[in-house]
Amino acid sequence: MDQYSCNNCGKKHDITPTIWKCECGGVLDLVRDIPRINVSSWNHYPNSIWRYFESMAFADNSKTWETITMGEGQTPLIVLDSHEPNVFVKVDYMMPTLSFKDRGAAVLMTKAKELGVSKVIADSSGNAGTAIAAYAARCNIKCDIYLSEETSPKKIAQVKAHGAMIKQIQGTREDIAAAAQKAVEEEKAFYASHVYNPFFYEGTKTYAYEIYEQLKEVPDSLIIPVGNGTLLLGAYLGFKELIENKLIEKMPKIIAIQASNCAPLVKAFEKEEEKADPVSNKGTLAEGIAIAAPARSKQILEAVRKTNGLFIDIKEEEILSARAKLAAKGFYVELTSAVNYAGYLKYEKAAEEKIIIPLCGAGIKSK
Ligand SMILES: *Cc1c(COP(=O)(O)O)cnc(C)c1O
Ligand SMILES: [Zn+2]
């Protein structure tokens, strides 16, 4: 049976509705046998992330997802500019709630439903909250979302529209997470955290599976925005499983992007540290990656290093110009997503290098 294990002390834990971290404070990971990937089974499933259902940590006969899915996944992979045929964008803003968070939220809420929970709590800088609220509504599960008073009004309106209760907290992103975690403990609720809950990564790993299917090979590099690292760690996990199944031979290089004004991981990477020390967020237009103390920093740094990857940080003025340049090519992304393109523009790529840039949040959602 699948279990959780603590990334810090190694202790094993059963998967229950209330567990979300180890007593020692460490984050949890799923421990399970290497999933066997049976490519010929994919066509037995709807055209969505659920093509890869058999590689996810669910019982073989589980059908819960069928009533919860909104068709998330299988987002387009498009050549950005015909002059550069090796540079692709993966248009993850074409998701039910307009960001990549639906990959994780659909899987996480499916698990919550299977565990029989009646209420979930989550904290978010915006998009994770909208995704969890939408899928909680699909599941008929009550939902409280903790967010900042400064979150984009459109994201707040979307959370509200799905019937979730909004808890607006004054303070830093870390204060908001702490308020949610306190409520989780007090109410013995399920913490539907995209950061802490390992099932979220069972969802974001489909990003790698889709790229493998769409490109029919492994890209040389992946540009990935990083706040808490949920897309980065999911993509890494997905490519790792593809390698373990001998479907591919190499891991793409991860080029991780942060905003200069809130870049704890860039700093730790440069100083060759194992974990990131918290920084103070100096304020950035990229609200979705403004995470001063990422809980999984050790895993993120490890993943980037193992792929021979690197970090790039982006200045505020580069964010606005990158968004304008993308819009001029037809793609209107939210400011947080514009950092990805800004990172690509700064990256010194090799000739013919195959690169994928995620467009993972819709422009219509942010300032
Ligand atoms: C959540 C989010 C990110 C950052 O993801 P992390 O999991 O925090 O690393 C980047 N872009 C968009 C559009 C997001 O919604
Ligand atoms: Zn522990």
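All ligand and atom numbering here is 1-based and tracks the order in the structure.
Between the side chains of Glu72 and Trp50, at least one donor N or O sits under 3.5 Å from an acceptor N or O. With no hydrogens or angles considered, a side-chain donor-acceptor pair links Tyr347 and Glu353 at under 3.5 Å. Side-chain polar atoms of Asn127 and Glu334 form a donor-acceptor pair below 3.5 angstrom. Counted by atom type alone, Lys365 and Thr130 present one or more donor-acceptor pairs between their side chains at under 3.5 Å.
Every atom of ligand 1 with a heavy atom of Thr230 under 4.0 Å away is listed here by number and element: 6 (P), 7 (O), 9 (O). Applying the 4.0 Å criterion to heavy atoms of Ile289 picks out, from ligand 1, the atoms 3 (C), 4 (C), 10 (C). Per-residue contacts place Gly227 under 4.0 angstrom from the following atoms of ligand 1 (heavy atoms of the residue considered): 6 (P), 8 (O), 9 (O). Short contacts between ligand 1 and Thr336, defined as distances under 4.0 Å to a heavy atom of the residue, involve ligand atoms 10 (C), 11 (N), 12 (C). Under a 4.0 Å criterion applied to the non-hydrogen atoms of Asn127, ligand 1 contributes the atoms 13 (C), 14 (C), 15 (O). Numbered from 1 in the order shown, with element, the atoms of ligand 1 that lie under 4.0 Å from a heavy atom of Gly229 read 6 (P), 7 (O), 8 (O), 9 (O). Interface atoms of ligand 1 facing Gly361, defined by a heavy-atom separation under 4.0 Å, are 13 (C).
No more than 12 heavy-atom neighbours from other residues, nucleotides or ligands sit within 6.0 angstrom of NZ on Lys160. Dense packing is recorded around NZ of Lys346, with more than 12 heavy atoms of other residues, nucleotides or ligands lying under 6.0 Å away. Counting heavy-atom neighbours within 6.0 Å of Lys142 NZ, excluding the residue itself, gives a total of 12 or less. Atom CD of Glu149 has more than 12 heavy atoms from other residues, nucleotides or ligands within 6.0 Å.
Not close to ligand 1: Ala128, with no non-hydrogen atom less than 4.0 angstrom away. For the ligand labelled ligand 1, residue Val226 lies inside the 4.0 Å heavy-atom shell.
Between Lys267 atom NZ and Ser297 atom OG the span is 12.5 Å, to the nearest 0.5 Å.
When ring centroids are compared, Tyr52 and Trp42 come within the 6.0 Å threshold.
For atom 8 (O) of ligand 1, the nearest non-hydrogen atom of the protein is Asn228 N, 2.7 Å.
When Phe200, Tyr93, Tyr201, Phe100 are ranked by how near their heavy atoms come to atom 5 (O) of ligand 1, first place goes to Phe100. Comparing Lys155, Lys101, His194, Glu334 against atom 1 (C) of ligand 1, the shortest heavy-atom distance belongs to Lys101.
Residue-and-atom listing of protein N/O/S atoms under 2.8 Å from the Zn ion (ligand 2), sorted by chain and number: Cys6 SG, Cys9 SG, Cys22 SG, Cys24 SG.
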Legend entry - Intermediate values then yes/no, side-chain contact (heavy atoms from CB on, under 4.5 Å), Ser221 and Ile254: CA-CA 6 Å; Ser221 4; Ile254 294 179; over 6 Å; no
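Although no hydrogens or angles enter the test, the distance criterion places no donor-acceptor pair under 3.5 Å between the side chain of Arg32 and the main chain of Asp2.
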